[in-house]
Number of protein chains: 2
Amino acid sequence: MARAATTSDAFNAIAEPQRRQILVLLRGGERPVTELARDLGMTQPQASKHLRVLREVGLVRVRESGKQRLYDLDARGLRPVHEWVGGFERFWNESFDRLDAYVQELERARQEEPHDDDDR
Amino acid sequence: MARAATTSDAFNAIAEPQRRQILVLLRGGERPVTELARDLGMTQPQASKHLRVLREVGLVRVRESGKQRLYDLDARGLRPVHEWVGGFERFWNESFDRLDAYVQELERARQEEPHDDDDR
DNA sequence: TCATCGTATGCCCATATCGGCATGTGTCAA
DNA sequence: TTGACACATGCCGATATGGGCATACGATGA
């Protein structure tokens with residue numbers, strides 16, 4: 001197998017920076033493709049393709065308005081992501097202490113034995 | 001170009017389900033590779049590779065303990081993700097109203113004459 | 001009907017993924 | 001030293017990405 005499809009879920013869809021930018025822009029209200037493309041400095045086909053992905057995972061909706069297609073945000077799909085990540089909320093505070101412990105661990109190891117530790 | 005590297009940032013790293021599971025397991029404390037692999041029903045090489053990615057984006061740390069390598073969670077890298085997604089928090093509540101508006105819009109458009117307006 | 005604008009798609013290419021499998025590396029014990 | 005154990009890596013294959021570019025498609029207006 002290869003990497004999971006970008007359309008498999010919100011996690012994969014928002015892994016792509018440009019797609020994230022599109023979503024941010026859409027917080028300001030619905031917009032036509034060309035405008036999004038222009039504002040984000042990408043070509044129209046690119047924008048269309050990204051929007052397709054976002055649409056397939058349900059993060060945006062489309063509405064036809066004459067020649068244009070207005071894309072609108074539907075953030076509900078982001079909620080699971082927020083919740084999953086939120087499950088780690090208390091850990092990223094705690095991490096400082098853990099990091100301390102880790103550093104001390106290294107310190108100690110360095111003095112106990114003339115052992116090479118490589119990290120980058 | 002192809003898809004961005006999984007190691008390019010936390011967003012890409014956590015796009016992969018198995019990697020998410022590893023992180024969840026590590027909330028329970030540091031663990032050796034084989035144990036993680038067993039608990040998640042994956043092969044050892046698979047676990048090692050996923051851990052490598054997580055390590056490269058800084059979501060886990062390693063500590064040597066005899067023959068074993070204890071992986072430990074470092075959730076700090078998840079904070080940006082949480083914040084980014086959090087920026088949409090009020091939108092996924094509002095979405096229901098929007099959906100309503102959207103439906104009504106369709107209804108109306110079906111009966112009226114489509115009018116060109118460029119907002120923004 | 002035809003030209004034009006706004007979008008969506010199709011194709012090609014280079015790249016990196018993830019899985020499977022085999023093997024290399026390092027540590028501990030006898 | 002040797003062997004067993006815990007991991008890391010290398011290689012292969014199948015797949016889909018994202019960018020560039022050309023083009024097809026649908027709606028509008030002359």
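Below, chain A is the first sequence line, B the second, and so on; all start at residue 1.
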Rounded interatomic separation in angstrom, taking [atom1] from [X] and [atom2] from [N]:
X	N	atom1	atom2	result
A/Leu51	D/dG18	CG	P	13 Å
B/Gln68	C/dT25	CD	C1'	16 Å
A/Asn12	D/dG18	CG	P	10 Å
A/Lys67	C/dT7	NZ	P	10 Å
A/Glu35	C/dG6	CD	P	11 Å
B/Ile22	C/dC18	CD1	P	11 Å
A/Met42	D/dC21	CE	C1'	17 Å
A/Asp9	D/dA16	CG	P	15 Å

Base, sugar-phosphate alone, or nothing: which one does [X] contact when heavy atoms must sit under 4.0 Å apart?
X	answer
B/Gln44	base
B/Pro32	sugar-phosphate
B/Gln18	sugar-phosphate
A/Ser48	base

**Prompt:** Taking the nucleotide of DNA chain C with the closest heavy atom to each, which residue, A/Arg69 or B/Thr43, is nearer the 5' end?
**Reply:**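 Of the two residues, A/Arg69 wins.
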Counting side-chain heavy atoms from CB outward, which of [options] is closest to [X]?
X	options	answer
A/Arg52	D/dT17, C/dT9, D/dC5	C/dT9
B/Arg55	D/dA8, D/dG18, C/dA8	D/dA8
A/Val33	D/dG19, D/dA6, C/dA8	C/dA8
A/Pro45	D/dA8, D/dA22, C/dC28	D/dA22

**Complete:** Looking only at heavy atoms, the pair that brings B/Leu51 and B/Val33 closest together is CD1-CG2, 3.9 Å
Any side-chain N or O of [X] under 4.0 Å from OP1/OP2 of [N]?
X	N	answer
A/His50	D/dG19	yes
A/Arg19	D/dG18	yes
A/Thr34	C/dG6	no
A/Tyr71	C/dG6	no

**Item:** Lys/Arg-Asp/Glu bridge criterion (N-O < 4.0 Å) met for B/Arg31, B/Asp39
**Value:**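 Looking at B/Arg31 and B/Asp39, the cut-off is met.
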**Asked** Under 4.0 Å between a Lys/Arg side-chain N and an Asp/Glu carboxylate O for B/Glu16 and B/Arg20?
**Response** no
**Prompt:** Within 45° of the axis and under 6.0 Å from the centre of the six-membered ring of A/Tyr71, does NZ or CZ of A/Arg55 qualify?
**Reply:** no
**Request:** Return yes if the base of D/dG20 and the side-chain atoms of A/Lys49 contain a donor-acceptor N/O pair under 3.5 Å, otherwise no.
**Result:**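 Side chain to base: pair found, below 3.5 Å.
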**Request:** Determine whether the side chains of B/Asn12 and A/Arg3 contain a donor N or O and an acceptor N or O closer than 3.5 Å.
**Result:**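 Yes, side-chain donor-acceptor contact under 3.5 Å.
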**DNA chain D: 5'-proximal contact among A/Ala4 and A/Gln46 (nearest heavy atom)** =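 Counting from the 5' end, the first nearest nucleotide belongs to A/Ala4.
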**Message:** With side-chain contact (heavy atoms from CB on, under 4.5 Å) as the test, pick out the partner of A/Leu59 among A/Asp74, A/Leu73, A/Val53, A/Leu23.
**Reply:**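 Among A/Asp74, A/Leu73, A/Val53, A/Leu23, the one that satisfies the side-chain contact (heavy atoms from CB on, under 4.5 Å) with A/Leu59 is A/Leu23.
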